[in-house]
Protein chains: 2
Amino acid sequence: MSTAERLIESTRDLLWERGYVGTSPKAILERAGAGQGSMYHHFTGKPDLALAAIRRTAEELRAAADAVLDGPGTPYDRIAAYLRRERDVLRGCPVGRLTMDPDVIASDTLRAPVEETITWLRGRIAAVVDEGRRLGQFPAESDPDELAATVVATVQGGYVLARASGSPDAFDAGVRGLLALLAPRTPAAPATD
Amino acid sequence: MSTAERLIESTRDLLWERGYVGTSPKAILERAGAGQGSMYHHFTGKPDLALAAIRRTAEELRAAADAVLDGPGTPYDRIAAYLRRERDVLRGCPVGRLTMDPDVIASDTLRAPVEETITWLRGRIAAVVDEGRRLGQFPAESDPDELAATVVATVQGGYVLARASGSPDAFDAGVRGLLALLAPRTPAAPATD
DNA sequence: GTCTATACATCGATAGAC
DNA sequence: GTCTATCGATGTATAGAC
């Protein structure tokens with residue numbers, strides 16, 4: 001792996017673990033096994049390196065979401081798969097957590113990939129909800145955009161509950177509660193009577 | 001207001017705005033209009049002052065939640081009131097955001113008030129859900145603890161969506177989606193047929 | 001109690017040798 | 001491309017005057 005690659009990967013780890021404000025160039029360099037010179041040769045500074053790291057993390061998150069949302073099953077199944085997909089719950093969301101970083105939110109450049117990713121995810125899930133609505137799996141009067149926001153919020157908030165309690169259980173409880181609310185009351189399959 | 005009071009209030013503001021890692025004693029002192037000596041006279045250091053600030057913020061949050069959850073209306077109404085209560089959405093949750101602060105989570109002392117508050121809130125809402133369930137306002141098979149986790153997670157995650165997009169609208173969308181799912185299908189009032 | 005002075009490490013960046 | 005040396009500013013804490 002090239003030095004630039006190692007710098008990006010180390011930054012990704014540290015942004016996830018400690019956030020932007022809590023991550024220093026020094027810590028990045030130590031983890032990457034590189035000197036100051038390397039970092040400032042490949043990147044203009046901390047924000048530039050962080051941007052590269054955030055973009056890559058965002059890309060990975062989109063790919064992971066696509067994998068389950070494009071998967072097999074009914075719309076409900078795919079949303080359930082998204083909600084239940086394996087996560088490092090106690091580490092939090094590597095993208096969502098950046099919204100609590102004051103320096104990320106203060107910078108349009110750093111916030112952009114975060115905003116794009118969350119907006120994309122909401123749209124992606126809204127499309128699945130809409131599909132389910134047209135199939136009669138969700139109530140006709142459901143608003144796909146709103147339900148999608150609820151789904152994404154439950155996941156993002158689940159991380160908060162889990163980290164507060166120090167256990168992934170709280171995340172799972174929130175997900176189960178939401179799935180119970182979403183569960184089709186009337187089977188989507190053709191009625192048999 | 002005493003110097004100690006001003007120090008605590010300044011720390012509360014900064015913890016909300018910038019988190020623990022992003023808040024320096026220097027910034028606190030400037031905002032409080034105090035010198036180094038005052039801070040180290042009243043508190044043993046940054047963690048001690050932060051603990052006092054977090055405890056007070058947690059207390060306020062509990063009082064605000066109590067006000068709506070003990071308010072008038074059916075269980076559904078009170079949960080809706082909690083979800084819709086006025087919030088500084090773009091600032092995020094002054095307690096929940098601390099879960100993304102690595103140094104807060106790393107310290108049992110600092111994490112304790114955060115954990116207690118979130119746990120208390122979940123229990124408080126679970127009791128309201130349970131009351132609604134016994135009234136027939138929520139399905140008999142609902143799990144109060146899980147639904148409560150979903151409610152709290154939607155709020156906490158709503159802050160993430162709002163801060164990502166730079167607008168409170170996303171928070172409101174998530175709340176509306178959840179309320180639509182929670183809305184009693186069958187009126188709790190005695191059937192009239 | 002509050003202040004200023006000081007200490008010593010770290011932050012983020014630059015300089016310049018190799 | 002990578003390294004070490006250095007820089008001025010800030011972070012957190014202590015000392016000691018008033």
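Everything numeric here is computed off the predicted structure, so don't read it as measured data. Chain naming here is simple, since letters A, B, ... match the order of the sequence lines and numbering starts at 1 in each.
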Going from CZ on B:Arg12 to CD on B:Glu9, what distance comes out if it is rounded to the nearest 0.5 angstrom?
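Interatomic distance, B:Arg12 CZ to B:Glu9 CD, rounded to 0.5 Å: 4.5 Å.
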Calculate, to the nearest 0.5 Å, the distance between atoms CD and OG1 belonging to A:Glu60 and A:Thr117 respectively.
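Those atoms lie 11.5 Å apart.
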Residues two or more places apart in sequence or in another chain: which of them pass salt bridge (charged side-chain N to carboxylate O under 4.0 Å, His left out) with A:Glu5?
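If we apply the salt bridge (charged side-chain N to carboxylate O under 4.0 Å, His left out) test to A:Glu5, skipping adjacent residues, the hits are A:Arg56.
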In whole Å, what is the span from the [atom1] atom of [X] to the [atom2] atom of [N]?
X       : N      : atom1 : atom2 : value
A:Asp48 : C:dA13 : CG    : C1'   : 14 Å
B:Lys46 : D:dA13 : NZ    : C1'   : 13 Å
B:Ile28 : D:dA13 : CD1   : P     : 10 Å
B:Phe43 : D:dA13 : CZ    : P     : 13 Å
A:Leu29 : C:dT10 : CG    : C1'   : 13 Å
A:Met39 : C:dC11 : CE    : P     : 12 Å
A:Glu30 : C:dT10 : CD    : C1'   : 11 Å

Counting side-chain heavy atoms from C-beta on, which of D:dG11, C:dG12, D:dT14 comes nearest to B:Lys26?
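The nucleotide sitting nearest to the side chain is D:dG11.
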Decide if atom CZ of A:Arg31 counts as having more than 12 heavy atoms of other residues, nucleotides or ligands within a radius under 6.0 Å.
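Buried by this count: over 12 neighbours within 6.0 Å.
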Donor-acceptor contacts, no H, no angles, side chain residues 32-42 of chain A, under 3.5 Å, sequence neighbours left out:
none

Considering only heavy atoms, which members of residues 7-25 of chain A lie under 4.0 Å from some atom of DNA chain C?
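Listed by number, they are A:Thr23, A:Ser24, A:Pro25.
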Find out if a path of hydrophobic residues (ILVMFWY) with successive side-chain heavy-atom gaps under 4.5 Å connects [X] to [Y].
X        : Y        : value
B:Tyr82  : A:Val160 : yes
B:Met100 : A:Leu110 : yes
A:Tyr76  : A:Val68  : yes

Angle between the end axes of the helix from C:dG1-D:dC18 to C:dC18-D:dG1, five pairs per end, to the nearest 10 degrees?
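Rounded value for the end-axis angle: 10°.
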So is B:Arg91 actually on top of B:Phe171's ring, under 6.0 Å and inside 45° of the axis?
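B:Arg91 over B:Phe171 ring: no.
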Determine: side-chain N/O of A:Tyr40 to OP1/OP2 of C:dA13, distance under 4.0 Å, yes or no.
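Checking A:Tyr40 against C:dA13: at least one side-chain N or O falls below 4.0 Å of OP1 or OP2.
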Where along nucleotides 1-6 of chain D does protein come under 4.0 Å, by heavy atom, of base (B) or sugar-phosphate alone (S), with - for untouched nucleotides?
BBBB--
Knowing that exactly one of B:Thr154, B:Leu147, B:Leu181 qualifies, which makes a side-chain contact (heavy atoms from CB on, under 4.5 Å) with A:Leu178?
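The side-chain contact (heavy atoms from CB on, under 4.5 Å) with A:Leu178 is passed solely by B:Leu181 among B:Thr154, B:Leu147, B:Leu181.
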Name every donor-acceptor pair, under 3.5 Å, that has one atom in a side chain of residues 118-136 of chain A and the other anywhere in the protein, sequence neighbours excluded.
{"residue": "A:Thr119", "atom": "OG1", "partner": "A:Glu115", "partner atom": "O", "Å": "2.8"}
{"residue": "A:Arg124", "atom": "NE", "partner": "A:Asp66", "partner atom": "OD1", "Å": "2.8"}
{"residue": "A:Arg124", "atom": "NH2", "partner": "A:Asp66", "partner atom": "OD1", "Å": "3.2"}
{"residue": "A:Arg124", "atom": "NH2", "partner": "A:Asp70", "partner atom": "OD1", "Å": "2.3"}
{"residue": "A:Arg124", "atom": "NH2", "partner": "A:Asp70", "partner atom": "OD2", "Å": "3.1"}
{"residue": "A:Asp130", "atom": "OD1", "partner": "A:Arg133", "partner atom": "NE", "Å": "3.1"}
{"residue": "A:Asp130", "atom": "OD1", "partner": "A:Arg133", "partner atom": "NH2", "Å": "2.6"}
{"residue": "A:Glu131", "atom": "OE1", "partner": "A:Arg78", "partner atom": "NH2", "Å": "3.2"}
{"residue": "A:Glu131", "atom": "OE2", "partner": "A:Arg78", "partner atom": "NH2", "Å": "2.9"}
{"residue": "A:Arg133", "atom": "NH1", "partner": "A:Ala140", "partner atom": "O", "Å": "3.3"}

